[in-house]
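Note on naming: letters A, B, ... go to the chains in the order of the sequence lines (proteins, then strands), and numbering restarts at 1 for each one. Just so you know, these numbers come straight off a predicted model, no measurement behind them.
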Amino acid sequence: MSLRVYNTLTQSKEEFVPLQAPHVGMYVCGPTVYSDSHIGHMVGPVIFDTVKRYLTFEGYQVTWVVNITDVDDKLIIQAAKNGTSIKVLAEAVTADYLRCLEALNVTGIDHMPRATEYINEILEITENLVERGLAYPSSGDVYFDVSSDADYGKLSHRDPEELQVGARIEPSALKKHPGDFALWKGSKPGEPAWESKFGPGRPGWHIECSAMSMRFLGPSFDIHGGGLDLVFPHHENELAQSESYHEKPFVKYWMHNGLLTKNGRKISKSDPDTVVLMKDLLVKFEPDIIRGLILSSHYRSPIDFGNSRLDEIGRGLKAFRNLFERFDRVSGLSFYSLAAPTRHGDFGTDGTPFLEQVAEHRRTFLDAMNDDFNTGAALAELYELVRTLNRFADQHPLEGPATGQFVPETLAKDQWILGVTVLRELTLILGLFEAPPASSSQSDDAFVGQLMELLLHLRAELRKAKNFGLSDEIRDRLTALNVVLEDRSGGQTNWKRG
RNA sequence: GGUGCCGUAGCCAAGUGGUAAGGCAGUGGUUUGCAAAACCAUUAUCCGGCGGUUCGAAUCCGCCCGGCACCUCCA
């Protein structure tokens, strides 16, 4: 099955054929950096990071650009409130954004250009559009003339004339048509400004994306992503000005992710009750749980957020962590040290029923990803794979004391390890479980380890002596400290933080 | 008023013409000294409602009800 992608432009799923395979250019709208990131800001990055991982796995060479918009009215207002400059504000907020991306294992971004570093490119486009009569200066501002673009509205499927009906477009005597939008905004005294032939000013909201995507990906590129709320006016305007400027098709596939809601309402800075800041969330939840929530449903669906939702996801993902620990016990290796795949191909199953099952789960997973990146279905298949792996391990004495290494069991162990390697391969496509959780026993210092070893040794002696009252008390009191004990058959006891 | 999206078990969620994946929660069982973990079984005669098309529909069409987003800044 080949990859199919839903395209907002055509409102249908299309076969994915890059403009210049194996190269793929992908641009995703990043934040305007005037306040710290909330959970909603992470949906796009996580989804498109997963898109890049999958495309890379499929053999494409993806160049991914995410812009940082570091000049805007909102920045100016917020910086004034804080009594600081927009530069200082932008740097602080950008740093917060980068920390969030790192925490959620969003590693695929190749370029993160700042709008203020591309003022020349922005002015070049603006001047060109004015010279050709597609835009016009007006009292220090420059507006794009929507009526000059015959197919304006094709992305958001709107009729420009209809836009007047709602009468919610910013009215301005400076515009010829209510739908016209600013390429350049003249500055008032005291505001940040760059010199231009139209007078001192700053870029309008949409132009930076046109300038920076062209700079890094060329006039035409493959994928443009962003939140559904950006379709209009942001992407529509970006599309109009870009194609008017270079007269080439701008983007082949427009992908828009659904928005996060809280109690049914969109998470939005203008609705303060809904805002859940990432820096607060990361204190309470494993990043994999947050990433898992985002990937648990289809990217175009809205996700309703709540702490109990994250708790649920967390309980579900535990099954994976438990299996990884089992793998470490069986193999003497660490699951997290298994190598990442770079290119997929079928692996030899030698006709064994177990490996055939693993291969089947893998195919189902890849089919789901091929169907417009259906991560919800893909993740579900991973649960099935985990069950298959556990079942096999239950049926073969892979664990426990080495009692005479029969050849058939050695073979079983090799097969099982191969099966787990496939799980590693697929979890890395989703960007999940790349590293052990911060709360794991592995993160504790050596001293804690030695104390636990001592405690577990004493408890083992108690159990040998059938003093279950005391050994259970130890376990219960450790549970109260959020340390979980698991007694294995054979006398071994594992511990971990709950 | 215009443009889109959604409504599947207690909760989350996949499935877009062939007879309901998966997760959480629950119940019974295997295992265990008891737990934990794991495994097995079980939980929607039915997919918001009413009509229609079809041999056959959660899936297509029409109408209705309910929820959301965009048309103003938002990922």
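Contacts of A:Glu14 classified as salt bridge (charged side-chain N to carboxylate O under 4.0 Å, His left out), with partners at least two apart in sequence or in another chain: none. Take A:Arg387 and apply the salt bridge (charged side-chain N to carboxylate O under 4.0 Å, His left out) test, not counting sequence neighbours, and it matches A:Glu384. By the salt bridge (charged side-chain N to carboxylate O under 4.0 Å, His left out) test, A:Arg53 pairs with A:Asp49, A:Glu434, sequence neighbours left out. Residues that satisfy the salt bridge (charged side-chain N to carboxylate O under 4.0 Å, His left out) test with A:Arg321, not counting sequence neighbours, are A:Asp288. In this structure A:Asp151 satisfies the side chain to side chain contact (heavy atoms under 4.5 Å, CB included) test together with A:Asp149, A:Lys154, sequence neighbours excluded. Taking A:Tyr383 as the reference, A:Phe320 meet the ring-ring contact (aromatic ring centres under 6.0 Å, His included) condition, with sequence neighbours excluded. Judged as a side chain to side chain contact (heavy atoms under 4.5 Å, CB included), and not counting sequence neighbours, the contacts of A:Arg315 are A:Asp311, A:Glu312.
Rounded to an integer number of Å, the gap from NE2 of A:His206 to P of B:C71 is 11 Å. Protein atom CG of A:Leu317 is 17 Å distant from nucleotide atom P of B:G22, rounded to whole Å. Straight-line distance from the CG atom of A:Asp476 to the P atom of B:A35: 12 Å, rounded to whole Å. Note: CG (A:Leu470) to C1' (B:G33) measures 15 Å, nearest angstrom. Here the P atom of nucleotide B:G22 and the CG atom of A:Leu385 are 14 Å apart, to the nearest Å. A:His41 has its NE2 atom 11 Å from the C1' atom of B:C73, to the nearest Å. A straight line from NE2 of A:His361 to P of B:A21 spans 15 Å, rounded to a whole angstrom. In this structure, A:Ile289 atom CD1 and B:C12 atom C1' are separated by 15 Å, rounded to whole Å.
Remark: the separation of the C1' atoms in B:C73 and B:A13 is 32 Å, to the nearest Å. For B:U45 and B:G10, the P atoms lie 9 Å apart once the distance is rounded to whole Å. Remark: the separation of the P atoms in B:G52 and B:C71 is 41 Å, to the nearest Å. A gap of 10 Å separates the P atoms of B:C60 and B:C6, to the nearest Å. Here, B:G29 and B:A35 have their P atoms 11 Å apart, quoted to the whole Å. A distance of about 33 Å separates the P atoms of B:C40 and B:G49, rounded to the whole Å. Across the C1' atoms, B:U16 and B:U54 are found 16 Å apart, a figure rounded to whole Å. B:C12 and B:U53 have their P atoms separated by 35 Å, with the value rounded to a whole Å.
Within 4.0 Å of A:His234, counting heavy atoms only, lies no atom of the nucleic acid at all. Here A:Gly225 lies out of heavy-atom contact (under 4.0 Å) with every strand. Among the protein residues, A:Gly44 comes within range of no part of the nucleic acid, since none of its heavy atoms lies under 4.0 Å from any strand. In this structure, A:Ile267 reaches the bases: a heavy-atom distance under 4.0 Å links it to at least one base atom across the strands shown. Contacts of A:Lys266 with the nucleic acid, taken as non-hydrogen atoms under 4.0 Å apart, include base atoms. A:Leu260 comes within 4.0 angstrom of a nucleotide base, judged by non-hydrogen atoms across all strands.
The nucleotide B:C34 finds no pairing partner, because no Watson-Crick or G-U wobble arrangement with both distances shorter than 3.5 Å includes it. The pairing partner recorded for B:C24 is B:G10, the criterion being a Watson-Crick or G-U wobble arrangement whose two distances lie under 3.5 angstrom. Across all strands shown, B:U19 forms no Watson-Crick or G-U wobble pair with both distances under 3.5 Å. Using N1 to N3 plus N6-O4 or O6-N4 for Watson-Crick, or N1-O2 and O6-N3 for G-U wobble, each under 3.5 Å, B:G4 pairs with B:C68. In this structure, B:A57 makes no Watson-Crick or G-U wobble pair, since no nucleotide meets both defining distances under 3.5 angstrom.
With RNA chain B read from its 5' end, the first of the two nearest nucleotides for A:Lys466 and A:Leu230 is the one closest to A:Lys466. Projected onto RNA chain B by closest heavy-atom contact, A:Ser471 and A:Ile303 fall at different nucleotides, the more 5' of which corresponds to A:Ile303.
Side chains of A:Asn7 and A:Gln11: a donor-acceptor N/O pair is absent below 3.5 angstrom, by distance only. For the residue pair A:Thr261 / A:Asp304, a side-chain donor-acceptor distance below 3.5 Å is found, with atom types taken as modelled.
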> If the sugar-phosphate is the primed atoms plus P, OP1 and OP2 and the base is the rest, what is the B/S/- string for nucleotides 36-42 of chain B, using protein heavy atoms under 4.0 Å?
Replying inline: BSSSS--

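Within a 6.0 Å sphere centred on CD of A:Gln492, heavy atoms belonging to other residues, nucleotides or ligands number 12 at most.
Using a 4.5 Å heavy-atom threshold, the side chains of A:Leu183 and A:Phe181 count as touching.
With B:C70, B:A13, B:C24 as the candidates, the nucleotide lying closest to the side chain of A:Ser297 is B:A13. Considering only side-chain atoms of A:Ala380, the nucleotide from B:C24, B:A21, B:C34 that sits closest is B:A21.
A:Tyr6 carries A:Arg300 over the face of its six-membered ring, with the cationic atom under 6.0 Å from the centre and within 45° of the normal.
For a distance-only test at 3.5 Å, the side chain of A:Arg463 qualifies as a donor-acceptor partner of the base of B:G33. Evaluation of atom-type donor-acceptor distances gives a pair under 3.5 Å for the side chain of A:Asp472 against the base of B:G33.
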Under 3.5 Å, which N/O atoms of the protein pair with N/O atoms of nucleotides 3-10 of chain B?
none

